[in-house]
Amino acid sequence: MANETIRCECGHENKEGTVLCEACGKPIEKNQHIDGNDQQNVLEMRYEGGARRSQTYKRTFVDKIWAFFSSVKVGVWLIVMTLIFSALGTIYPQEQFKNSPLPSSVFYEEEYGLTGKIFYQLGFHNMYDSWWYIILVALIGVSIIISSIDRYVPLRRALKNQKTKKNEVFVKRQRVVSFDNELSENDLNTLKTNLKKQRYKVHEENGHIFAEKNRFSRWGPYVNHIGLIIILIASIFRMFEVMHIDDYVWVREGEVQAIPGTGQEYFVENNEFIYEVYDPETEERFTRALEDVENPVPKNFQTNATIYRATNDPVLGEKPELERVTEGEIRLNQPVIFDGYSLYQSGTQVESEYNSISMELQVNDESLGGFTFDTDEAPSEFNLEESDTTITIDNWYPELEFTDEGPSSFSKYPRNPGIIFTVSSPDLDEDERFFYLQEEVIPLADNNQANVSVSDVDRRSASGLTVKKDNTLPLFGLGAGIFMIGVLQGLYWYHRRIWIHPKDGSYHIGVHTNKNWYGMNQELDKIRKGTNVKPFVDQQEMK
Amino acid sequence: MGFYELSSLFLNITFFLYLIATAFFGLTLGKNRESNKKSKAIKIAMTFTIIGFASQMTSYIFRWLQAGHIPVSNMFEYIYFFSMMLILAFVVIYFIYGIPALGLIALPIAVVIIGYGSMFPQEISPLVPSLQSNWLYIHVTTVALAQAILSISFIAGLLFLIKRVDQSQSSKETTFLELILFGVVSTIAYIILSSSFGAMDYEATFTKELEEQTVDVTYSMPALFQPHDSELVTEGVFNSGIETPGWMQGADAGLKLNTLVLSLTLGGILYGLLRLILKGRRVSALLNQKFDKINPDIVDDIMYRAIAIGFPLFTLGGLIFASIWAQQAWGRFWGWDPKEVWALVTWLFYAVFLHLRLTRGWHGKKSAWLAVVGFVIIMFNLIVINLVISGLHSYA
Ligand code: HEM
């Protein structure tokens with residue numbers, strides 16, 4: 001890379017590729033095509049005419065890559081592509097939301113026909129995790145970094161090197177100007193006071209006046225882009241397992257469960273699960289709405305939980321010793337948080353499981369006694385001492401289902417218990433078998449003497465808790481915060497400058513703001529007030 | 001009278017006040033009227049706008065008192081709040097820039113939006129557990145405010161286009177302008193249809209087999225398209241016998257298609273009538289003539305400033321607050337739910353707008369078209385995503 005410099009007539013050494021002299025603003029003849037100044041009267045002021053690498057060097061491969069990614073046009077295309085793909089991904093549900101046992105290869109076609117099939121085959125059902133979506137976002141990141149460096153460096157140089165005394169051409173070719181003003185000492189003093197009142201910093205050099213304010217707003221885009229980059233870095237971190245835990249556990253009422261993802265360190269006990277619905281009778285203000293719906297509207301899902309921590313390193317199979325850490329009510333929108341972990345209420349099975357089933361035995365209207373089958377313990381035998389009766393559990397199906405091979409259990413959870421048991425008693429001629437299912441007892445023998453009935457069932461609720469720990473949250477928060485600061489800095493304040501240039505006994509005034517010309521013009525009216533300055537002219541006004 | 005009734009009463013009053021304001025803004029139209037008559041009309045129109053806003057605010061507060069929570073928890077309430085913020089933003093812009101022609105677009109749009117919103121169930125609904133969070137309110141109100149401010153850029157953009165698109169010959173630009181106007185007319189057509197058939201208590205119920213269950217689908221407008229594989233059970237009502245194509249998903253697909261087609265049809269008829277009255281001239285050509293001269297630089301500036309203010313607010317409400325709420329409710333701050341994706345799309349779109357503004361040649365008409373597209377995205381977000389693609393947020 002050549003490191004030539006260009007010497008301006010004011011004496012300042014500018015870098016190759018500079019459009020406007022950093023010090024005095026005089027256009028550098030041979031570079032005017034870069035910002036298109038050769039075609040218009042008003043000077044392009046975006047990067048102060050500084051030498052951007054992307055516009056200066058275009059020879060080597062690196063130069064070309066650099067120029068490509070620093071182009072706002074390219075950046076905008078990348079964003080537009082991301083935007084379009086993101087939108088396309090919402091046409092049908094993403095795989096994770098499809099809510100169907102069918103595999104995706106069948107689901108989309110079955111459910112949505114040909115368009116669904118195309119959606120699936122293009123991979124849109126997994127859009128946001130797909131490698132090309134991620135690459136697209138990564139390219140935006142690259143583009144942000146390169147374009148920001150490309151502009152930040154020359155912009156900072158130019159703003160640092162700017163002199164109070166500007167070249168006449170520079171002042172006259174500003175967008176808003178006022179030429180040939182006859183100004184007295186008094187006028188100049190009033191001008192300066194007015195400028196200060198508007199919170200300008202006023203500099204003077206040999207009769208030249210330069211007023212400037214809110215230069216910091218020029219850094220807004222670079223600050224906000226740093227915020228975006230931090231967010232992108234945070235998302236890269238988040239792809240690694242170690243940075244976050246995302247697990248799920250079902251806990252029945254009264255049960256203690258190890259919290260997955262904590263390495264058997266933490267345990268949760270479900271003391272009580274509460275489910276409430278809105279009652280149209282008592283909630284009068286909602287009566288109107290509640291009358292319209294068929295199903296009850298849920299009001300609260302809540303798990304009263306105790307969190308424990310194992311105090312010893314549990315040996316396999318041994319029960320750990322537990323120490324209470326905290327207690328809390330977990331509701332939707334109200335997780336319990338401890339040591340960086342959070343537990344969220346996310347699933348409910350209201351009274352979906354059987355805790356225990358009690359049965360009574362009778363022979364010829366005479367009671368033989370009763371027993372209670374506890375589904376967790378599932379004992380294999382009961383002895384009713386008063387009548388010397390034995391009940392033997394032959395088969396236990398926590399979640400009964402019938403397959404081709406006969407009864408079996410779908411899971412180990414007692415959601416639909418089935419029990420086959422045998423009763424032996426001196427009061428009976430021979431042993432008799434029974435089948436408990438769906439809160440009824442069916443005799444399996446033809447002429448049974450005994451009569452078994454269900455006297456009581458006790459059900460329980462299970463609560464589904466999501467376990468989360470996310471070490472990337474602070475980084476995301478930081479990125480978002482920096483982004484907001486940068487955006488506010490760049491969009492709510494404006495960098496404004498006014499140059500007052502003496503020339504042969506009269507004054508030319510040039511004005512520049514990086515945005516909000518309307519506000520600038522209003523401010524100029526205040527600055528001009530009480531002086532002899534002629535009304536300002538907008539040289540670029542739309543006609 | 002309870003709070004609920006008071007709230008409804010004030011909402012109706014608001015609606016009429018806005019209509020009156022619109023009429024007075026209408027009096028500013030035309031080249032031949034004297035300027036001091038016009039400025040009187042503007043003053044009256046602004047007065048009605050501000051009284052209307054106060055009345056809407058009152059209505060809103062009564063509703064709030066009745067519900068016990070800020071009413072932003074269903075479609076009706078959201079649209080209601082959005083329209084209120086739109087008027088607020090317009091009033092603020094008016095006092096900064098003083099361009100009455102904006103009111104001529106802002107008020108009719110607010111009226112149409114309120115009319116649209118009132119087609120949704122208006123009962124105060126209880127909050128399901130996932131909506132019981134302060135972050136939710138902060139998120140929703142900020143988004144509504146941001147979207148209202150962003151809509152101001154559309155209103156300014158539309159005004160810009162009405163004045164600046166060359167109407168001496170037809171072009172792509174004139175066609176698109178007519179399309180926008182057709183969209184507005186169709187929304188009005190939808191409101192007319194819903195309210196008139198609603199007043200007649202029109203009902204046509206179909207039964208349909210869906211996933212081994214029989215579901216009822218009730219139309220409150222004549223059925224041009226009945227649900228796929230369905231049977232009419234109501235007697236003595238019109239049915240064309242045309243079925244909704246099977247690839248449209250959901251039990252309500254037919255209902256939605258039917259409403260859409262009917263609204264567009266009536267919209268087309270109304271629009272055609274307008275063209276007939278105008279002896280074939282484009283509606284936008286008429287508006288171009290009738291609207292007062294504008295200062296294009298100032299209108300362009302409003303368009304940009306609205307986005308410069310709306311964009312950070314939208315980032316805060318639509319992305320940051322939304323993430324905080326999602327983190328609190330589900331333990332995941334971002335989940336690619338359709339509504340979240342569309343918030344991202346909106347945000348990216350306005351980022352594109354801001355970047356293009358920095359590029360030479362993108363001021364003026366090009367920006368104005370972008371502002372229009374931005375509004376289309378916001379409306380798409382509000383209407384289509386809520387009603388058609390359902391996700392976590394589909395509280396409608
Ligand atoms: C989602 C991604 C992006 C967001 C949200 C974003 C946001 C912004 C914002 C708010 C501004 C300030 C605009 C103004 O002051 O009017 C800005 C400026 C800018 N952005 Fe981005 N940006 C993004 C991506 C990019 C990309 C991919 C590029 C690559 C070319 C880029 C290059 C620039 C440049 C060059 C500026 C102007 C700096 C200046 O003129 O001082 N941005 N950006």
Side-chain angles (χ1 to χ4, degrees), chain A residues 36 44 46 72-73 75-76 79-80 82-83 86-87 89-94 96-97 111-116 127-128 246 278 283 285-286 288-290 292 297-301 331-335 342 344-346 466 468 473 476 480 483-484 487-488 491-492 515-518 538 541-542, chain B residues 4 66-68 97 121 123-130 132-133 135-136 164 246-247 249 296-298 300-302 304-305 308-309 311-312 315-316 319-320 323 325 327-333 336-338 341-342 344-345 348-349 351-352 354-360 363-364 385 389 391:
Chain A
E44 176 59 61
R46 250 179 316 154
V72 172
K73 221 192 232 155
V76 163
I79 300 176
V80 168
T82 312
L83 178 164
S86 305
T90 63
I91 295 180
Y92 297 129
Q94 290 288 297
Q96 58 190 9
F97 298 128
E111 189 79 19
Y112 309 112
L114 182 63
T115 45
M127 172 88 64
Y128 311 109
D246 186 352
Y278 284 98
E283 312 260 0
R285 55 198 171 155
F286 301 135
R288 239 180 283 255
L290 290 170
D292 281 357
V297 178
K299 183 180 184 180
N300 187 22
F301 301 105
R331 294 193 192 90
L332 245 121
N333 278 310
Q334 218 175 297
S342 318
Y344 293 86
Q345 183 67 50
S346 48
T466 311
K468 296 271 181 177
L473 283 185
F476 277 105
F483 178 79
M484 280 311 295
V487 169
L488 293 181
L491 292 176
Y492 285 16
K515 50 187 58 148
N516 189 6
W517 289 90
Y518 176 78
D538 187 338
E541 200 170 4
M542 282 188 247
Chain B
Y4 181 80
Q66 172 74 14
Y97 290 93
E123 296 90 11
I124 292 175
S125 36
L127 292 179
V128 295
S130 64
Q132 298 166 5
S133 158
W135 280 109
L136 173 69
R164 302 287 287 187
W247 51 265
Q249 53 159 323
D297 275 307
I298 294 185
D300 182 70
D301 205 62
I302 296 176
Y304 170 72
R305 275 251 272 183
I309 293 169
F311 178 76
T315 312
L316 200 63
L319 298 174
I320 298 179
S323 299
W325 171 51
Q327 180 69 26
Q328 198 191 49
W330 294 288
R332 89 232 183 334
F333 55 91
W336 299 107
D337 168 86
V341 173
W342 275 90
L344 180 72
V345 168
L348 289 175
F349 180 81
V352 165
L354 288 175
H355 286 97
L356 287 179
R357 278 295 286 205
L358 298 166
T359 318
R360 218 173 317 138
H363 286 231
I385 302 300
I389 305 174

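What you see below is based on every heavy atom in this structure, not just the backbone, and it leaves out hydrogens, waters and symmetry mates. In what follows, every chain begins at residue 1, and chains take the letters A, B, ... in the order their sequences are listed.
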Check your understanding: If you tally heavy-atom pairs under 4.5 Å against chain A, which of B:Gly364, B:Ala351, B:Pro126, B:Pro312 wins?
Key -> B:Pro126
Point to revise | Choice from B:Gly331, B:Ala67, B:Ser323 maximising heavy atom contacts with chain A below 4.5 Å | key: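 Among B:Gly331, B:Ala67, B:Ser323, the one with the most close pairs to chain A is B:Gly331.
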Point to revise | Pairs of heavy atoms under 4.5 Å with chain B: top-ranked of A:Gly75, A:Ala480, A:Pro298, A:Gly116 | key: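 Maximum pair count with chain B is reached by A:Pro298.
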Chain B heavy atoms under 4.5 Å from [X]: which part of the residue, side chain, backbone, both or neither?
X	result
A:Gln334	backbone
A:Lys515	side chain
A:Leu83	both
A:Asn300	backbone
A:Phe97	side chain
A:Ser346	neither

Check your understanding: Does B:Gln132 reach the main-chain N or O of B:Leu127 with its side chain, forming a donor-acceptor pair under 3.5 Å?
Key -> yes
Check your understanding: Partners of A:Tyr278 by ring pair (Phe, Tyr, Trp, His ring centres under 6.0 Å), sequence neighbours excluded?
Key ->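 Result, ring pair (Phe, Tyr, Trp, His ring centres under 6.0 Å) vs A:Tyr278: A:Phe286.
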Point to revise | Listed partners of A:Phe483 passing ring pair (Phe, Tyr, Trp, His ring centres under 6.0 Å), at least two apart | key: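 For A:Phe483, the residues satisfying ring pair (Phe, Tyr, Trp, His ring centres under 6.0 Å) (neighbours in sequence not counted) are B:Trp347.
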Does any heavy atom of chain A fall under 4.5 Å from the side chain of [X], the backbone, both, or neither of them?
X	value
B:Ile309	both
B:Leu354	side chain
B:Ile320	side chain
B:Leu316	both
B:Tyr97	both
B:Tyr4	side chain

Review point. Looking only at side chains, do B:Arg305 and A:Tyr518 share a donor and an acceptor under 3.5 Å apart?
Key: no
Review point. Heavy atoms, side chains only, cut-off 4.5 Å: are A:Asn333 and B:Trp325 in contact?
Key: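 The answer is yes, as the side chains (C-beta and beyond) meet within the 4.5 Å cut-off.
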Point to revise | Sub-4.5 Å side-chain heavy-atom contact between A:Ser86 and A:Tyr128 | key: yes
Point to revise | Distance (rounded to the nearest 0.5 Å) between A:Gln345 CD and A:Phe301 CZ | key: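 Result: 8.0 Å between the selected atoms.
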Check your understanding: Can you name the nearest heavy-atom pair linking A:Tyr344 to B:Gln328, along with the distance?
Key ->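 Residues A:Tyr344 and B:Gln328, closest heavy atoms: CE2-O, 3.2 Å.
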Exercise for review: Search all heavy atoms of A:Val72 against all heavy atoms of B:Thr359 and return the closest pair with its distance.
Suggested key: CG1-OG1, 4.2 Å
Check your understanding: Could you go step by step and tell me if B:Asp300 and B:Arg357 meet the side chain to side chain contact (heavy atoms under 4.5 Å, CB included) rule?
Key -> CA-CA 11 Å; B:Asp300 182 70; B:Arg357 278 295 286 205; 3.0 Å; yes
